[in-house]
Number of protein chains: 2
Amino acid sequence: MAEHDDHRRPGRWRSGAESKQRVLQVARELFDRNGYNGTTVRAIATAAAVDPAMVFYFFGTKQGLFSAVIDMSDNVPPAIESIFAGGVDTMGERIVRTLVQNLDNSDRPPLVMLTRSATTDPRSEALLREFIDREITDRLAALLDTPDAALRAGMVNVQILGLAVARYIVRIEPIASASVHELATTFGPLVQHCLTGRTAAP
Amino acid sequence: MAEHDDHRRPGRWRSGAESKQRVLQVARELFDRNGYNGTTVRAIATAAAVDPAMVFYFFGTKQGLFSAVIDMSDNVPPAIESIFAGGVDTMGERIVRTLVQNLDNSDRPPLVMLTRSATTDPRSEALLREFIDREITDRLAALLDTPDAALRAGMVNVQILGLAVARYIVRIEPIASASVHELATTFGPLVQHCLTGRTAAP
DNA sequence: GTCTATAATTAGATAGAC
DNA sequence: GTCTATCTAATTATAGAC
């Protein structure tokens with residue numbers, strides 16, 4: 001027949017790359033809803049209309065799939081950079097606004113997923129801890145050159161984690177339903193105080 | 001022999017009630033460390049030096065055991081009461097100190113346990129949300145009679161959850177290794193500011 | 001009350017045909 | 001790349017002896 005070679009359309013997936021994307025998308029949703037241990041490869045495969053064996057073919061192991069799902073390589077950096085872009089004096093509100101805006105708008109934020117999974121999966125816990133240490137604690141500590149910089153960074157981390165858990169995981173009111181503006185005006189100064197305010201002397 | 005009837009000592013368990021208590025205690029610890037899905041009945045039984053079948057004999061199902069473990073009807077109230085015992089002006093530090101002290105003595109970690117399980121078990125999530133609403137938000141809002149009382153209570157909840165997650169779940173430094181005193185002096189004023197400080201007007 | 005034995009189910013992972 | 005079939009291991013849970 002004449003169409004024996006028309007399947008080589010450039011720019012279009014010729015093979016299972018499409019299935020792979022479907023698996024990734026479904027996995028993200030299920031991991032987010034049920035955590036790492038609460039999600040089975042089989043459930044992912046079924047929901048993605050793919051054979052379970054394909055998942056292992058694509059990602060090797062369940063952990064490999066999770067890593068691929070959680071990989072926020074080109075998602076978070078811009079947000080982080082925009083936080084560090086301005087001066088320290090207005091950073092408090094910028095942190096809160098950027099954080100909440102990003103988590104509100106993407107419907108399965110890696111940070112929330114990681115936090116969810118960190119409670120049941122040790123690997124996720126380590127992953128989250130390393131991410132926070134590298135992207136927030138270390139950079140903040142470098143920026144503030146006070147002796148208590150590490151403690152101040154820790155206080156900021158508590159604000160970030162508390163906000164994420166309260167708004168997106170446990171969904172406590174009125175934090176869960178507050179607008180970005182409300183959160184920015186209430187928590188902004190609080191975070192700013194963690195960064196540059198006066199702290200108790202030892 | 002003469003001791004054929006001395007096993008009927010009043011005031012002492014004559015039977016498996018002791019094992020049952022041991023199972024409960026161990027289960028509390030493991031559920032706390034690994035969450036609901038991450039904890040197996042076998043692991044609990046082994047750690048409690050009891051046969052796995054006994055666990056089912058005592059509690060029927062795994063969920064039954066979990067419910068028995070997280071039933072903190074007469075567990076938390078003393079701590080909560082001691083927080084509300086003093087005046088509002090020193091409540092910030094009292095919240096932090098009581099919280100951290102109680103969670104550090106990991107004998108009774110209901111908040112951390114619930115927070116862990118809340119991510120994978122819907123029942124736990126609802127339980128945690130209701131507990132926080134009832135024991136903290138509502139009582140705080142009643143105590144402060146300002147128009148923004150609910151928001152202030154929410155801010156306090158963020159501090160509590162952030163502190164719990166950072167110190168006990170993700171174990172971020174320097175929060176995880178800080179002493180009770182350090183946390184009380186750094187977060188106490190912060191929480192106090194949430195309670196009685198000046199907030200941004202809408 | 002306690003244990004052995006085991007049923008019933010489910011998980012992650014692999015081999016190999018097509 | 002995709003699927004069938006299967007292995008291995010671990011899980012919750014039950015039946016029944018002692």
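The chains referred to below are lettered A, B, ... by the order of the sequence lines, with proteins before strands, and numbering in each begins at 1.
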Practice prompt. Starting from the 5' end of DNA chain C, give me the residue, B/F58 or A/T39, whose nearest nucleotide shows up first.
Written response: B/F58

Item to complete: Report the distance from atom NZ of B/K20 to atom P of C/dG1, rounded to the nearest whole Å.
Response: 9 Å

Item to complete: For the pair A/E182 (side chain) and A/I175 (backbone), establish whether a donor and an acceptor sit closer than 3.5 Å, ignoring hydrogens and angles.
Response: no

Worksheet, complete the sentence: Residues in residues 43-51 of chain B with a heavy atom under 4.0 Å of DNA chain D, by number, are none

Worksheet item: Taking all atoms of both residues into account, what is the closest heavy-atom pair of B/I83 and B/M91, and its distance?
Response: O-CE, 3.7 Å

Worksheet item: Among D/dA13, C/dT14, C/dA11, which is the nearest nucleotide to the side chain of A/R42?
Response: C/dA11

Worksheet item: Of all the choices, D/dC3, C/dG12, D/dT14, which nucleotide is nearest to the side chain of A/A53 once you look at every atom?
Response: D/dC3

Practice prompt. Quickly work out the B/Q63 CD to D/dA13 P distance and round it to whole Å.
Written response: 9 Å

Fill in: Aromatic plane relationship, A/F66 with A/F31 - under 30° parallel, 30 to 60° tilted, over 60° perpendicular
perpendicular

Discussion item. Starting the side chain at C-beta, find the nucleotide from D/dT12, C/dG1, C/dG12 nearest to B/V41.
Written reply: D/dT12

Worksheet entry | Nearest-angstrom distance from the residue atom CZ of B/F56 to P of D/dT11 | 11 Å

Worksheet item: Residues two or more places apart in sequence or in another chain: which of them pass side-chain contact (heavy atoms from CB on, under 4.5 Å) with B/S177?
Response: B/E173

Item to complete: Figure out the OH/P separation between A/Y57 and C/dA17, and round it to whole Å.
Response: 17 Å

Worksheet item: Taking five pairs at each end, how big is the angle between the two axes of the helix from C/dG1-D/dC18 to C/dC18-D/dG1, to 10°?
Response: 0°

Discussion item. Tell me if a side-chain donor or acceptor on B/Y168 pairs with a main-chain N or O of B/V100 at a distance below 3.5 Å.
Written reply: yes

Worksheet item: Roughly, in whole Å, what's the span from NZ in A/K62 to C1' in C/dT10?
Response: 12 Å

Item to complete: Run through A/Q63, A/K62, A/R116 and flag the one making a side chain to side chain donor-acceptor pair (under 3.5 Å) with A/Y36.
Response: A/Q63

Practice prompt. Establish, for the pair A/R139 and A/F84, whether the NZ or CZ atom is under 6.0 angstrom from the six-membered ring centre and no further than 45 degrees off its axis.
Written response: yes

Discussion item. Return the NE2 to OG1 distance between B/H181 and B/T186, rounded to the nearest 0.5 Å.
Written reply: 9.5 Å

Worksheet entry | Distance in angstrom units between A/F59 CZ and D/dG1 P, rounded | 12 Å

Worksheet entry | Integer-rounded Å distance: C/dA11 C1' and A/F66 CZ | 18 Å

Worksheet item: Cation over ring, A/K20 on A/F59, under 6.0 Å and within 45°?
Response: yes

Worksheet item: So does B/S19 get a side-chain nitrogen or oxygen closer than 4.0 Å to the phosphate oxygens (OP1/OP2) of C/dG1?
Response: no

